[in-house]
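Please read the structure below before turning to the comments.
The structure displayed is predicted, hence computed values, not measured ones. To find a chain, count down the sequence lines: A is the first, B the second, and so on, and within it residues start at 1.
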Amino acid sequence: MPSQEFDITKIRNDFPTLNQTLNGNPLVYLDSGATSQKPQSVIDATTRFYNLSNANVHRGRHTLSERATEQYEAARLKIADYFNVKANEIVWTKGATEALNLLAHGLQNQITHEDTVLITPLEHHANIVPWQVLTQNTGATLSVLPLEQNATFNIARCIDFITHTKAKVLCISQASNTLGNITNLAPLIAAAKAVGTLVVVDGAQGAMHLRPNLKQLGCDFYVFSAHKMLGPTGVGGLYGRYELLNALTPYQTGGEMIDTVTLEKSTYRDAPAKFETGTPNIAGVIGFSAAIDYLSALNIQQLQRYEQTIFNYAATQLSKIDGVTIYSDLNNNIGTLSFNYKTEHPYDLATLLDGFGVAVRSGHHCTQPLMHHLGVTGTVRASLAFYNTHQDVDNFIHALKESIDLLD
Amino acid sequence: MPSQEFDITKIRNDFPTLNQTLNGNPLVYLDSGATSQKPQSVIDATTRFYNLSNANVHRGRHTLSERATEQYEAARLKIADYFNVKANEIVWTKGATEALNLLAHGLQNQITHEDTVLITPLEHHANIVPWQVLTQNTGATLSVLPLEQNATFNIARCIDFITHTKAKVLCISQASNTLGNITNLAPLIAAAKAVGTLVVVDGAQGAMHLRPNLKQLGCDFYVFSAHKMLGPTGVGGLYGRYELLNALTPYQTGGEMIDTVTLEKSTYRDAPAKFETGTPNIAGVIGFSAAIDYLSALNIQQLQRYEQTIFNYAATQLSKIDGVTIYSDLNNNIGTLSFNYKTEHPYDLATLLDGFGVAVRSGHHCTQPLMHHLGVTGTVRASLAFYNTHQDVDNFIHALKESIDLLD
Amino acid sequence: MTNTFNSVIKTIQHAQSWQQKYREIMLLGKTLPALADVLKTDDALVPGCESKVWMFMEFDDSENRLVVIGDSDTRIVKGLLAIILALYNGLTPEEVVNINAYDEFEKLGLIKHLSASRGNGIKAMVEAIQSMAANKLN
Amino acid sequence: MTNTFNSVIKTIQHAQSWQQKYREIMLLGKTLPALADVLKTDDALVPGCESKVWMFMEFDDSENRLVVIGDSDTRIVKGLLAIILALYNGLTPEEVVNINAYDEFEKLGLIKHLSASRGNGIKAMVEAIQSMAANKLN
Ligand SMILES: Cc1ncc(COP(=O)(O)O)c(C=O)c1O
Ligand SMILES: Cc1ncc(COP(=O)(O)O)c(C=O)c1O
């Protein structure tokens with residue numbers, strides 16, 4: 001039994017936030033798609049940094065600054081190992097959104113009005129709007145991969161589309177934040193590579209649940225947010241194949257990223273330095289380092305099996321409730337259930353669920369085009385992670401039934 | 001006596017990092033110009049957030065998200081009060097550097113090849129390079145305010161220059177990070193306003209030591225970094241006069257900053273929301289809130305008097321050492337001493353000082369044009385804050401003499 | 001304070017549980033007549049909300065008393081809207097500025113629905129009403 | 001390990017205090033002949049350092065042994081450079097790849113000078129020497 005090999009009791013104890021009651025009910029946190037909870041070791045790493053090594057990085061000849069820099073750079077190596085890439089292929093950003101903006105800006109000089117940028121209808125706004133800005137600025141065409149009515153991709157149809165479009169860049173998420181659907185990336189990346197299309201993968205949702213081997217996946221760029229993978233807020237990153245990464249136009253300018261500055265002219269350093277100007281989120285990166293340690297210590301097969309088990313359990317229970325429509329693909333999912341109850345407004349359901357201590361998200365989840373595709377204005381989203389339990393699912397289903405009673 | 005009314009013993013105890021020994025010597029932290037140390041209350045606020053309220057902001061209908069949002073928005077009000085401006089005039093960024101980039105990008109559509117952007121020779125690279133990029137992109141002229149040989153401004157000469165230049169924007173720091181020199185901003189801002197020049201003040205060094213009343217100062221924009229004002233890393237901000245702020249072109253795009261997104265087109269929200277896309281550094285902002293509380297509880301007159309006292313003491317002691325050249329203006333200073341010893345390399349001095357537990361900075365301090373102006377390649381910089389003591393100064397001077405002995 | 005509002009207060013304050021409270025709020029919402037669809041224009045939308053809130057308001061010419069009408073696509077927000085309407089409708093500008101919705105929501109145990117984080121439009125509505133009344137007085 | 005290096009080790013290891021150790025390092029630096037100014041070109045600079053470090057290296061044609069020369073504008077880095085030169089000069093590519101500068105600096109209590117954070121060029125120099133030797137072997 002998966003739940004035996006995976007020690008959920010121990011894991012629960014590592015997450016202090018989860019052990020609280022709200023309004024007399026135990027907290028049931030089903031909003032990991034928005035941000036994950038943090039293990040004690042991550043909180044402690046941050047505290048330890050401020051207590052012992054707080055200093056700016058890279059510029060200091062003194063002990064504190066050296067400690068800070070060592071830890072900061074060790075974190076880069078750690079996340080690189082996690083994704084099986086090289087440390088100098090990782091750029092720290094404040095999150096996935098900034099990483100995507102950095103990319104869209106960085107590619108600007110490589111794109112002309114004859115080029116096409118290909119996105120998909122289920123992307124998060126962070127993987128849409130920067131590309132709209134880029135195509136507006138360059139006169140390039142923004143094109144959209146076909147999505148089936150049930151919000152899954154027909155791979156053959158997509159391969160065909162990619163092959164014919166010969167886009168300059170394909171921007172696609174590894175998993176949908178709204179639905180949890182996992183994209184079957186391998187064949188799409190292969191098709192894109194075959195016609196010389198660069199592939200940008202939005203890994204905000206995939207990085208923790210799917211722990212991708214990026215060298216094997218073969219994408220050119222990959223973005224992630226630490227706060228969705230047990231890490232602190234205000235940290236994220238961009239992976240880029242080194243030559244491609246180094247060829248991007250710098251995004252933010254200022255100290256540290258320069259080589260020389262005169263009042264007339266500046267020259268820039270090589271990647272990753274040239275994309276990291278200003279004082280970074282040092283404490284955040286060091287906290288994230290502890291998060292990667294935590295994740296890496298978990299056996300990924302066990303973790304995924306456990307996540308699938310509670311997901312299947314939740315999906316089954318939810319499906320049994322009359323009047324519930326589920327929009328998520330139940331066969332390929334990171335653990336997210338997007339649904340509605342009859343014509344009730346997601347806002348009402350989420351508000352009532354909160355009364356029962358159940359934290360879910362409601363609304364468009366920063367995916368208005370997907371909402372439009374599904375013909376709804378919003379959904380309720382329950383997103384699970386490996387620290388959720390069967391009891392959480394039971395509490396959620398119970399609370400949902402009670403909430404429905406209140407509405408009916 | 002200032003040191004009596006200002007309870008330095010109590011203050012020292014609030015800063016855990018300062019109470020450690022390095023290599024057998026008590027730590028003497030003289031690198032607050034790079035980043036300040038953090039009081040326990042700031043560290044605790046961050047821990048408390050992760051333990052109790054960790055959730056994403058603005059989007060959640062559940063209790064954790066509400067707690068997080070309340071605290072996050074309360075911090076905005078707090079920093080607005082600190083600067084005597086309105087909460088909706090504050091944009092959170094990851095630091096001063098990002099704030100300056102946001103500004104330089106945001107003004108792009110208002111600047112033509114006929115305009116001039118005016119900077120000064122003592123700016124940090126963060127207040128130079130973004131303006132170089134802006135003027136390159138727009139064909140505008142980058143012009144430089146005159147600086148006297150001793151690195152102070154002749155106000156009459158500058159007023160004249162400003163009046164004649166009629167620049168679109170004047171970008172100037174409130175205090176120099178390398179020298180600590182305080183700029184006499186009031187007459188310069190008045191001169192700029194008289195000819196319709198927008199004034200951007202780089203407050204990275206001034207925000208804590210000088211606690212400016214921005215409405216009174218009259219600048220149009222002001223940038224700051226939390227980590228230099230007792231707050232966490234990865235947080236900073238931009239103040240902008242509301243109409244001017246709201247007129248800036250959005251910088252980063254993605255979730256939260258939009259109003260509607262279709263696959264073809266997006267519309268943006270009003271400031272500050274339209275500049276804050278993606279998940280912000282929530283824990284950082286909430287930690288910063290505690291930093292502002294800490295600062296606000298200190299009487300600013302007492303604090304400044306205390307800082308001046310130890311600065312004068314340090315300057316006097318340092319001046320007495322034969323062979324030392326001080327570059328800082330000793331009459332108008334936030335507490336920073338930039339110096340060299342004979343022709344010794346700052347790197348050697350800083351390395352030896354570190355052996356004695358003294359943390360100073362060496363190098364160009366991200367101000368290469370200023371180094372060029374001074375005719376040096378680098379300096380040693382000792383930057384003080386209100387948590388430093390007379391004992392710190394004594395230890396520094398002693399260590400410096402010993403280091404010089406090692407070199408001579 | 002109007003009579004309508006006093007009776008609203010009573011039902012909500014007598015609620016035995018939070019569930020009961022929400023039930024009362026939603027019932028209140030049901031008593032509010034729906035806005036005609038032609039009035040549900042984008043211009044009438046209170047901006048920045050997850051739930052849609054439409055509202056119209058003016059001080060009537062003859063008596064200088066507030067007339068607010070509104071609707072929402074969610075039940076809870078519509079109920080809260082009903083409370084706001086009961087609180088302010090029919091008042092003169094002087095009376096309006098003297099009524100602090102935050103205090104009243106606090107008493108009702110509903111203060112979190114007026115918080116910055118909710119983004120449900122109720123807070124924006126209160127602010128709009130207050131600023132219109134204040135303008136009338138200037 | 002060359003004789004020069006062994007005697008370097010001895011002086012540094014016998015240092016009674018960290019001050020003494022730095023004094024020895026700086027003395028070592030003084031023994032290194034200064035590079036002629038014409039050789040101190042930007043091309044010869046090890047990039048990204050606060051201190052300037054110039055270096056030239058090759059394997060000599062006849063004996064295939066490493067020849068490295070270098071200079072720095074700071075005393076401490078110049079001393080560390082002298083250690084690196086003592087460690088690697090005159091070695092064949094096979095010998096070079098078998099010598100781990102990190103281990104040697106660790107033994108000398110100088111490992112922090114080879115750290116990522118120092119940015120003093122010594123680490124970059126070691127990496128350049130190692131990669132040139134590795135290329136020779138391929
Ligand atoms: C005057 C000045 N401006 C800008 C900056 C950049 O600040 P940050 O690195 O926090 O973005 C600094 C920090 O070194 C500074 O001292
Ligand atoms: C798929 C996806 N992409 C991008 C983002 C943006 O991430 P962040 O808000 O951390 O920048 C998110 C987070 O909501 C996401 O789920």
Engaged part of B:L263 at the chain A interface, taking heavy atoms whose separation is under 4.5 Å: both
Ordered numerically, the heavy-atom neighbours of chain B under 4.5 Å found in residues 28-38 of chain A are A:Y29, A:D31, A:A34, A:T35, A:S36, A:Q37, A:K38
Atom of B:T97, atom of A:T253 and distance for their closest heavy-atom approach: CG2-O, 3.6 Å
Taking the side chain as everything from C-beta on, heavy atoms only, tell me whether A:P232 gets closer than 4.5 Å to B:Y50. yes
Examine whether an atom of B:V235 lies under 4.5 Å from a heavy atom of chain A, and if so say whether it belongs to the side chain, the backbone or both; otherwise answer neither. neither
Portion of B:H124 that has a non-hydrogen atom of chain A nearer than 4.5 angstrom: side chain
Interface moiety of B:Q40 toward chain A, non-hydrogen atoms closer than 4.5 Å: side chain
Side chain / backbone / both / neither for B:Q252 at chain A, heavy atoms under 4.5 Å: both
Pick one of side chain, backbone, both or neither for A:T47, based on which atoms fall under 4.5 Å of a heavy atom in chain B. both
Closest approach of B:Q368 to A:I258 (non-hydrogen atoms, all atoms of both residues): NE2-CD1, 3.8 Å
Identify the heavy atoms of A:H227 and B:N56 that sit nearest to each other, and give their distance. CE1-ND2, 3.9 Å
Least distance between heavy atoms, A:Q132 atom then B:E264 atom: NE2-C, 3.5 Å
No-hydrogen, no-angle side-chain donor-acceptor test under 3.5 Å, B:T17 and A:N51: no
Need one label for A:I119: side chain, backbone, both or neither, based on atoms under 4.5 Å from any heavy atom in chain B. side chain
